[in-house]
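The first residue of the sequence shown is numbered 1, and numbering continues consecutively from there.
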Amino acid sequence: MVTGVLLGFVAGPLPAQRVENRFPRPMTLPAQQRAPIIRADSTDRTGQKIIGALLGGGIGLVAGAMIGSRIERAGDTNGCEDCGLVGGIVGALLGEGLLLGAGVHLADPVPRKTVRRLVFSPLIAGGALLAAIATNQAAVMLIALPVQIAVVW
């Protein structure tokens, strides 16, 4: 048996076993008959959305706190030392709610998510503020941020 295998190696391939063209070329079609190449938009914009959320939410937080504090101090005539604190907190929450969705939308402009990002984020912030006022617990407002991020993402 070993002798038969060794003789098979020495004899070489038979002409019937030879392939004329080892790498046949695919059929080429004229340009008008080729199927169009479709490429999906598979770009991952997760990093851009995170930066947009941080910048939008941060700018809205600071601007809202400043505006809310200024509004409360303008209406106060008592001259208390912590005047503007409550207005600053309320303004910060609402400003962050307004600009968080706008920052994510600017980073990843998907037309079908526009309303969800620009309308629902401030509504969630306002709902959290109303729930905090109704329950007299400020910790309720901490739930708003993860819910907003989940909705605008």
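Of all non-hydrogen atoms in His105 and Leu118, the two that sit nearest each other are CB-CD2, 4.5 Å. Here the closest non-hydrogen pair linking Ala131 and Val140 is CB-CG1, 3.6 Å. Pairing each heavy atom of Pro122 with each of Val119, the nearest pair is CD-O, 3.2 Å. Here the shortest heavy-atom pairing between Arg117 and Val152 reads NE-O, 2.8 Å. Across Leu99 and Gly56, no two heavy atoms sit closer than the pair CB-O, 3.0 Å. Shortest non-hydrogen contact noted between Ala144 and Ile124 is O-CG2, 3.9 Å.
Using a 4.5 Å heavy-atom cutoff, the side chains of Leu93 and Ile89 are not in contact. Here the side chains of Leu145 and Glu96 are in contact, with some heavy-atom distance below 4.5 Å.
Of the inter-residue distances, the one linking Trp153 atom CH2 with Thr46 atom OG1 reads 5.5 Å to the nearest 0.5 angstrom. Here the CD1 atom belonging to Ile50 is positioned 9.5 Å from the CD1 atom belonging to Ile149, to the nearest 0.5 angstrom. Here NZ of Lys49 is found 13.0 Å from CD1 of Ile51. Values are rounded to the nearest 0.5 Å. In this structure, the separation between CG on Leu61 and CG on Leu94 is 11.0 Å, given to the nearest 0.5 Å.
A donor-acceptor pair under 3.5 Å links the side-chain atoms of Ser121 to the main chain of Gly97, judged by distance alone.
Taking hydrophobic clusters as Ile, Leu, Val, Met, Phe, Trp and Tyr residues chained together by side-chain heavy-atom distances below 4.5 Å, Phe120 shares a cluster with Ile143. Both Val151 and Val115 are assigned to one and the same hydrophobic cluster, defined by single-linkage of ILVMFWY side chains at heavy-atom distances under 4.5 Å. Criterion: ILVMFWY side-chain heavy atoms under 4.5 Å apart, direct or through other members. Under it, Val90 and Leu85 are part of a common hydrophobic cluster. Placement of Ile133 and Met141 within a single hydrophobic cluster is found when ILVMFWY residues are connected by side-chain heavy-atom separations under 4.5 Å, directly or transitively.
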